[in-house]
Q: 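So that we are looking at the same thing, I have put the structure below in structure tokens.
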Protein chains: 2
Amino acid sequence: MCSPHQKTTTEKSELFMSQTEFAPDQRQQIVDQLRMEIITGRIAEGMPLREVSLAERFQVSRAPIREALKQLAHEGMVESKPNCGMRVAPSSSDSMQELIIPLRQTVESFALKSIFADLSESDFEEWEFILSEMKIACETKDYASLAELDIKFHQSIISKSPEQGLMSIWITLVSRLRRHFLEGFQKPRDPMKVYYEHVAIVAMFRSGKLEPSIQALVSNMD
Amino acid sequence: MCSPHQKTTTEKSELFMSQTEFAPDQRQQIVDQLRMEIITGRIAEGMPLREVSLAERFQVSRAPIREALKQLAHEGMVESKPNCGMRVAPSSSDSMQELIIPLRQTVESFALKSIFADLSESDFEEWEFILSEMKIACETKDYASLAELDIKFHQSIISKSPEQGLMSIWITLVSRLRRHFLEGFQKPRDPMKVYYEHVAIVAMFRSGKLEPSIQALVSNMD
DNA sequence: AGTGGTCTGATTGTAAACAATTTAGCTGAA
DNA sequence: TTCAGCTAAATTGTTTACAATCAGACCACT
């Protein structure tokens, strides 16, 4: 028989580990890197993703690249055309976004409920560190980083939940809300308001009141 | 530049095409076959899935098998342990199922709304053919086939929707509801009731009334 | 000039060989 | 007996090479 070392992987998905990180899993790193670049718009919609180009860029062979692209395709980040390669998929339609937003709110509320009683000081500090980075991104109007940090914040909530598979569902949903993370920031609102929204969320978490915390979290996703 | 032939694949997912089918896509066929065998319980929970064994069984090399297993892992059907292989993942917890069921209801209702006005005779006939197979499965108490046909029925609704990505979301959800499709049939209810529930759904579709159709569909998922 | 066929370049899909990692069983000494 | 360390088998992860497929250009033919 076979029994591995420890982790029950399938969905670590640290999402955005810069290439300076050491190397827990080569392939997952590639997936997270590419996903973040697509979500934040650093890789534009419709742009083709060639296996050989990516293989050269990440200094690996085509096989890990193929698996990474496959996963991103299943998440809805890229479209695959048989025998013809992948390209960054277009954003979801308006009606799809209207479907997905409440789904996402349901999932994140569920995750928060499942962890709320066990939150510790280190959890709050982790979020507050993200907030500090978010503040800088807002002040410098670095919208790509802001989107990245916003996603990182919400993902860290999901990742704390002990429920298996929640992360996978969440990513499948959020990957189809790219426009929210780009247009949502650039256009109308003062980016600082995004920052303060998240400050309010963490502060409410610290208060220990569940229902208002869920409300704060949900209202941030509209 | 590259532009493929026609299909914008990424999610055909015929789901259960017996090995007699010709061969539009080798890999997708393997994925669908394995997924169905897991959902219907033909491959038991916790059973390891060895790449070489599957490669021999499907008469292909390890590469397509790896990609298939990767996809199933992302859907939550199998668990991956680094350097140690895949095994069929355990069913979701009760609380996860309570989360997923309403999500699934929302997704299927959305799909039905998006296609309801354009339903044609051929659509009804397709569903009624599934019903006829379902009737046989109920009469012979073939619970695995019944589960398979139940899934096939609902999936065909999703597949008719023009919305891109809906199928991917749906599969991510339904893959985690395996127990519903096994325990749900074997234990309490007379299997024939499952059949009549679906008859009622199709009949309501034919009536052209949207809201009652949604109601019928949703009530089938509890 | 327009139409059809063919050839070429590029890209993905598959297969087979190789490297790295882990588990399990065995050996041997305290 | 029990436990540490070692060896070997099994399995996955990666690289490389090869086959299949498709888009586009080129050229003959009408």
Side-chain angles (χ1 to χ4, degrees), chain A residues 1-13 22-34 46-74 77-89, chain B residues 1-14 19 21-34 43 46-74 77-89:
Chain A
M1 296 307 151
C2 182
S3 39
H5 46 322
Q6 68 281 16
K7 287 194 161 182
T8 168
T9 304
T10 294
E11 51 174 333
K12 303 183 317 187
S13 195
F22 77 116
D25 190 347
Q26 191 179 52
R27 177 166 15 88
Q28 198 59 40
Q29 240 180 305
I30 295 172
V31 172
D32 296 334
Q33 179 78 29
L34 287 177
M47 182 162 299
L49 296 175
R50 301 295 170 204
E51 295 181 1
V52 285
S53 314
L54 295 172
E56 291 172 5
R57 170 181 163 189
F58 289 101
Q59 292 291 310
V60 295
S61 83
R62 274 178 52 211
I65 299 293
R66 278 181 67 80
E67 295 189 1
L69 290 177
K70 263 287 173 194
Q71 178 169 344
L72 290 174
H74 190 268
M77 305 297 307
V78 304
E79 270 184 351
S80 162
K81 304 181 185 178
N83 288 310
C84 198
M86 312 279 212
R87 65 161 196 258
V88 179
Chain B
M1 296 305 149
C2 184
S3 40
H5 45 322
Q6 68 280 16
K7 287 193 160 183
T8 168
T9 302
T10 294
E11 51 176 333
K12 304 183 315 190
S13 196
E14 296 290 344
Q19 59 278 15
E21 202 90 16
F22 79 115
D25 191 347
Q26 193 178 51
R27 176 168 18 86
Q28 196 59 40
Q29 242 180 301
I30 295 172
V31 172
D32 296 333
Q33 179 78 29
L34 287 177
I43 301 179
M47 181 163 300
L49 296 175
R50 301 293 169 208
E51 295 182 0
V52 284
S53 314
L54 295 173
E56 291 171 5
R57 171 182 163 190
F58 288 102
Q59 291 292 310
V60 295
S61 82
R62 275 178 52 212
I65 299 293
R66 277 182 69 80
E67 295 191 1
L69 290 177
K70 261 287 174 194
Q71 177 168 344
L72 290 174
H74 190 267
M77 307 296 307
V78 304
E79 270 184 352
S80 163
K81 304 182 185 178
N83 288 311
C84 199
M86 313 277 211
R87 65 161 196 259
V88 179

Q: Over all strands shown, is Leu49(B) touching base, sugar-phosphate only, or nothing at heavy-atom distances under 4.0 angstrom?
A: sugar-phosphate
Q: Find the distance Arg87(B):CZ to dT12(D):P and express it as a whole number of Å.
A: 13 Å
Q: In this structure, how many angstroms lie between the P atom of dG13(D) and the CD atom of Gln71(A), rounded?
A: 13 Å
Q: Given side chain to side chain contact (heavy atoms under 4.5 Å, CB included), test Arg66(A) with Leu69(A) step by step and report yes or no.
A: CA-CA 5 Å; Arg66(A) 278 181 67 80; Leu69(A) 290 177; 5.9 Å; no
Q: I need the CZ-P distance between Phe58(A) and dT14(D), as an integer number of Å.
A: 14 Å
Q: Phosphate oxygens OP1/OP2 of dG13(C): is one of them under 4.0 Å from a side-chain N or O of Arg66(A)?
A: yes
Q: When all nucleic acid strands are considered with a 4.0 Å heavy-atom cut-off, which category describes Leu69(A): base, sugar-phosphate, or nothing?
A: nothing
Q: If I take atom CD in residue Glu79(B) and atom P in nucleotide dT12(D), what distance separates them, rounded to the nearest angstrom?
A: 15 Å
Q: Would you call Leu54(A) and Ile30(A) a side-chain contact if the rule is heavy atoms closer than 4.5 Å?
A: no
Q: Please write out each protein N/O paired with an N/O of nucleotides 15-17 of chain D under 3.5 Å, distance rounded to 0.1 Å.
A:
from    : atom 1 : to       : atom 2 : distance (Å)
dT15(D) : OP2    : Ser61(A) : N      : 2.8
dT15(D) : OP2    : Ser61(A) : OG     : 3.0

Q: Looking at Gln71(B), Met77(B), Arg57(B), which one forms a side chain to side chain contact (heavy atoms under 4.5 Å, CB included) with Leu34(B)?
A: Arg57(B)
Q: What is the distance, rounded to the nearest whole Å, between atom CZ of Arg50(B) and atom P of dT11(D)?
A: 5 Å
Q: Rounded to the nearest 0.5 Å, how far apart are CE of Met86(A) and CD of Glu79(A)?
A: 10.5 Å
Q: Please list, chain by chain and in numerical order, all residues satisfying side-chain contact (heavy atoms from CB on, under 4.5 Å) with Ser53(B), sequence neighbours excluded.
A: Arg50(B)
Q: Roughly how many Å is it from CD in Gln29(B) to C1' in dG13(C), rounded to a whole number?
A: 15 Å
Q: Rounded to the nearest Å, what distance is computed from the CD1 atom of residue Ile65(A) to the P atom of nucleotide dT12(C)?
A: 11 Å
Q: Is any side-chain heavy atom of Leu72(B) closer than 4.5 Å to a side-chain heavy atom of Leu49(B)?
A: no
Q: Rounded to the Å, how far apart are Ile30(B) CD1 and dG13(C) P?
A: 14 Å
